[in-house]
Every structure is written in structure tokens, then in C-alpha cells.
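Worksheet: one structure, shown below.
Remember, it's 1-based here, ligands and their atoms both numbered in the order they're listed.
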Amino acid sequence: MMNLKRCLRVYLIMGSNNTVRDPLSVLEEALKGGITLFQYREKGANAKVGQEKKELAMKMKRLCHKYSVPFIVNDDVLLALEIGADGVHVGQDDEIVASIKAQCPKDFIIGVSTTNSQEANQAVKDGADYIGVGPIYATDTKEDVKLPIGLEGVAEIRSTVGDLPIVAIGGIKTSHVAGIIQAGADGVSVISAISQAKSPKIAARQLASLINPS
Ligand code: 3NM
């Protein structure tokens, strides 16, 4: 079994509309820079659907596996199973963990988005493998985002979920990383800090260098 906490350290999320460039090139640069996990999240304006979404997902999975990085699909459990993804990440309104567990291989990674201790505790009870915690800061990347919970929110959730792997999300830049890790997260999850960077490779490398590689 992989070390999930290590995989959460530099967690890139991206869909085709999070970059004006070829998303596969951006992903490969990020992989070269040292991202430790990738989530394919195809949502919002001009999001791909159907066969196009599946094809991009398969190419991204292959690329991630070339670099020995786990590949996770946002929300779409059927797609994740169909293409042999390593896991799925769901929100509060998505398919519940128990039903996902019933359909998926034993080592399938299940992540759940949470924004407070109550949701985090529920995710633990449901059997989530890790939780996303956020938004930490304000972000324009996601529509309908909740109120920022800050570092206090991370610390509070950490104090209630014991040793469960936690990744922080929302408006995170390199300058925030040290505080977020100190507050109790195992890693940071970003979209724009890497996908919109002039060099996704350098951006990923900087984030990785800020998280102790022990
Ligand atoms: N989920 P960026 S915030 C996908 O709070 C997503 O659950 C969030 O993008 C949550 O790194 C968010 O560009 C957007 O701020 C993260």
C-alpha cells in the first residue's frame, strides 16, 4: 500500500479549462517538477464530456503512471472505474462513500471534500481514505466556493480527525505552504498555482521543496 500522506504533499488538480495551454503538456511539466498526486477535475465552462473527457482522462492516467504518480478522478466514479484510475475524489453532494466502496477495488483511494469538523468526522466514519479541507483562502478557480476557513480551520479539523490524511485546498500559493503544514495538513492541493504558472515545472518544484521530503 502506498503512503497516502506522502502522496498528498503536492497534489495537483486540473481539467482542460484550467489552462490555456495543452493540459497534457502542463501535466507532464508538473510531473517533472515533482507533483505527488494528480486529480482530473473536468468542470465548469466548456468542460469536456463523454468520449472526449474519457480520452483525455486515459492520456492523463498513462502520463501520471509513467511518473509513478497516482491518478484520481473528480466525482465521476464510473469513469474512474472504467479507465482504471487509482481513486476518486467526491464532494459533500456527490456519491456517498459507502456506495463507492461497494463498487470499487479494495485499494481504491477515496477522498472527500470537507469544510468543517462535522463533515470531517462524518468522512472518517464513512471510511474516507483522506479528506480535502477548505477553502483555506479565497479563490476564483471554483464557483460556489464556501467561506475561507483559514489556518484555524485546518488546525481544528486536524484536532478532531486524529491521524487521517489531510490535504488543504483553496487559494494556496507557495508562501502559504509552511503555515498550512504547521497547522496540521499533510500537503497542499492547488489548481492555479501550478496550472496557471509560467512554468508549471518550477511551480511544482517550489511547492515540493517547501514540504519536508523525509
Ligand atoms: N475545491 P485554486 S477550492 C476545486 O474548497 C476546489 O473544496 C475547493 O483552486 C474547496 O488552487 C477549489 O486555484 C479551487 O484556488 C482550488
Measure from the side-chain N and O atoms of T114 to the backbone N and O of I131, and report whether any donor-acceptor pair falls under 3.5 Å.
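Side chain of T114 to backbone of I131, a donor-acceptor pair under 3.5 Å: no, none is there.
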State whether the side chain of D126 and the backbone N or O of V97 hold a donor-acceptor pair below 3.5 Å, judged by distance alone.
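Side chain of D126 to backbone of V97: no pair is present.
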In chain order, what residues pass the side-chain contact (heavy atoms from CB on, under 4.5 Å) check against I149, with sequence neighbours excluded?
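Checked I149 against side-chain contact (heavy atoms from CB on, under 4.5 Å); matches are T115, V133, I136, I157.
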Going by atom types only, do Q122 and Q92 share a side-chain donor-acceptor pair under 3.5 Å?
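There is no such pair (donor and acceptor under 3.5 Å, judged by atom type) between the side chains of Q122 and Q92.
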Pair listing, ring-ring contact (aromatic ring centres under 6.0 Å, His included) test, anchored in residues 105-128, at least two apart
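For residues 105-128: none.
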Which protein N or O atoms sit under 3.5 Å from any N or O of ligand 1? Give each pair with its distance.
| residue | atom | partner | partner atom | Å |
| --- | --- | --- | --- | --- |
| ligand 1 | 5 (O) | P135 | N | 3.1 |
| ligand 1 | 11 (O) | I191 | N | 2.9 |
| ligand 1 | 13 (O) | T141 | OG1 | 2.5 |
| ligand 1 | 13 (O) | S192 | N | 2.9 |
| ligand 1 | 13 (O) | S192 | OG | 2.5 |
| ligand 1 | 15 (O) | T139 | OG1 | 2.6 |
| ligand 1 | 15 (O) | G171 | N | 2.8 |

What pairs meet the side chain to side chain donor-acceptor pair (under 3.5 Å) rule with one or both residues in residues 31-41, with sequence neighbours excluded?
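Those involving residues 31-41 are Y11-Q39, Q39-N74, Y40-E42.
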